[in-house]
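Below is one structure, written out as structure tokens; comments come after it.
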Amino acid sequence: MGKKSVKTELVTIRELDKDAAWIRRAGQILREGGLVAFPTETVYGLGGDALNPRSSQKIYEAKGRPSDNPLIVHICRREDLGTITSHIPEGAVKLAEKFWPGPLTMVLPRSDRVPRETTGGLDTVAVRMPDHKVALALIDAAGGYVAAPSANTSGKPSPTLAKYVMEDMDGRIEMILDGGPVGIGLESTIVDMTSEVPTILRPGYITQEMLEQTLGRVETDRALLSPDSGQPPRAPGMKYRHYAPAGELTVVSGQQDAVVEWINDRLRRRQAEGKRTGVICTEATKDRYLADRVKNAGKRDDEAEIARELYRILREFDDEQVEVIYSEAFDTAGMGQAVMNRLLKAAGYHVENV
Ligand code: AMP
Ligand code: MG
């Protein structure tokens with residue numbers, strides 16, 4: 001973990017026009033090799049100049065992240081894609097037209113302009129154009145290419161509020177731009193455009209069906225579907241335990257009444273052991289649990305709301321020193337796949353089918 005030495009300035013961006021001087025200042029920090037955290041529509045990002053190898057090293061240090069885990073390069077103009085890639089397949093052009101700016105990251109062949117420090121030693125580069133005015137203005141001010149993983153300490157849930165960035169990054173980076181709560185709350189969908197059939201390496205807001213409408217056939221990395229398949233995931237980051245709360249988290253799947261009953265039974269036992277307990281549930285079940293802390297993630301059919309709440313809830317359990325957590329499963333259509341993917345990773349794939 002990098003040592004704490006810098007003074008971290010927290011700047012609230014209310015109106016882009018009025019706060020343009022701050023954005024220019026933040027851009028200058030990035031051009032000089034410093035780090036600035038900023039809001040995007042998915043989660044807060046920890047930005048450095050993607051074309052400066054030293055900046056990427058600093059990002060790994062600030063996060064305590066293994067340096068074989070590549071960074072996503074953020075751009076603010078579709079045409080800048082050509083600078084950092086050596087070849088753009090037709091499908092990638094179509095996806096950029098359809099989904100950028102937006103929560104879609106494409107893996108493409110890297111050009112020599114992108115240092116290997118940024119791509120974790122790979123010959124490919126992950127690229128995205130975020131749909132957030134502050135992010136786009138900052139990237140432009142920084143010279144166009146900002147490497148940015150999520151702005152959390154490695155292994156913690158991604159930050160959905162600037163205060164969580166401050167908790168993790170105070171003293172490690174030069175500036176945090178506070179743009180309020182993020183809109184989506186889960187990281188971007190990652191699709192590998194270098195394989196014969198485009199392949200989803202990380203599920204997100206943009207679903208397989210949405211990509212198929214533009215591309216035809218799309219696959220999902222098999223390591224994501226069955227984590228015990230023994231295959232390493234093709235997005236190196238997906239192999240690390242991620243998004244983890246400090247407490248022991250179990251996902252409980254099954255018919256609603258059975259789930260409530262099973263969890264309450266466990267809660268009684270764990271409370272008798274003196275453990276502080278928590279539950280992640282939905283509107284329909286929020287009054288039925290005996291846990292010390294019951295967190296309502298929203299209506300079961302509103303998967304966007306559940307996605308937006310999930311990381312905040314996991315972080316709150318840490319703040320409240322909850323030791324044992326049970327979560328209902330959220331295996332709905334559409335974005336439910338992304339929610340479950342993050343939840344299962346947070347739980348270290350500990351699932352009870354009841
Ligand atoms: P984060 O920015 O923290 O959300 O993490 C970035 C994710 O993108 C990690 O899971 C990386 O492994 C993945 N990634 C970045 N670049 C590549 C690449 N060139 N090939 C495959 N996965 C990548
Ligand atoms: Mg991350």
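We use all heavy atoms of the structure for the numbers below, so side chains are in, but hydrogens, waters and symmetry mates are not. When a residue number appears, it is its place in the shown sequence, counting from 1. Predicted, not measured: the structure shown is a model, and the values here were computed from it. When a ligand or atom number is given, it counts from 1 through the structure's own listing order.
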Among side-chain atoms of [X] and [Y], is any donor-acceptor pair under 3.5 angstrom?
X: Q271; Y: T277; answer: yes
X: T40; Y: H132; answer: no
X: E303; Y: Y205; answer: no
X: S188; Y: R202; answer: yes

I want to know if ligand 1 touches K63 in the polar sense, i.e. an N/O pair below 3.5 angstrom.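 In fact, backbone or side chain, K63 has no N or O that close.
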
Would R202 count as being in polar contact with ligand 1, using the rule that some N or O on each side must be under 3.5 angstrom apart? yes

Record the part of R128 in heavy-atom contact with ligand 1 below 4.0 Å; permitted values are side chain, backbone, both and neither.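 No part of R128 comes within reach of ligand 1.
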
Below 4.0 Å, non-hydrogen atoms only: which portion of D192 touches ligand 1? Side chain, backbone, both or neither.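 Near ligand 1, D192 shows nothing, with every heavy atom at 4.0 Å or more.
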
Could you list which atoms of ligand 1 come closer than 4.0 Å to a heavy atom of [X]?
X: L201; answer: 21 (C)
X: A126; answer: 15 (C), 16 (N), 17 (C), 19 (N)
X: I190; answer: 7 (C), 8 (O), 13 (C)
X: R234; answer: 21 (C)
X: T124; answer: 18 (C), 19 (N), 20 (N)

Connected hydrophobic set around V197, excluding itself, where side chains approach under 4.5 Å: none

Report yes or no: does R110 have a heavy atom closer than 4.0 Å to ligand 1?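 No, R110 has no heavy atoms under 4.0 Å from ligand 1.
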
Would you check whether T119 reaches within less than 4.0 Å of ligand 1, judged by its heavy atoms?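 Contact check T119 vs ligand 1: negative.
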
Could you tell me whether a side-chain N or O of R110 sits under 3.5 Å from a main-chain N or O of L122, the two making a donor and an acceptor?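 Confirmed, R110 side chain pairs with L122 backbone.
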
Examine distances only and state if a side-chain atom of E174 and a backbone atom of L35 form a donor-acceptor pair shorter than 3.5 Å.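 Yes.
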
The residue among K133, R24, R77 that forms salt bridge (Lys or Arg N to Asp or Glu O under 4.0 Å) with D140 is R77

Out of N69, V191, L122, who gets a non-hydrogen atom closest to atom 11 (C) of ligand 1? N69

Look at S154 and state whether any of its N, O or S atoms is less than 2.8 Å from the Mg ion (ligand 2). no

Which pairs, with at least one residue in residues 10-42 and sequence neighbours excluded, count as a ring-ring contact (aromatic ring centres under 6.0 Å, His included)? none

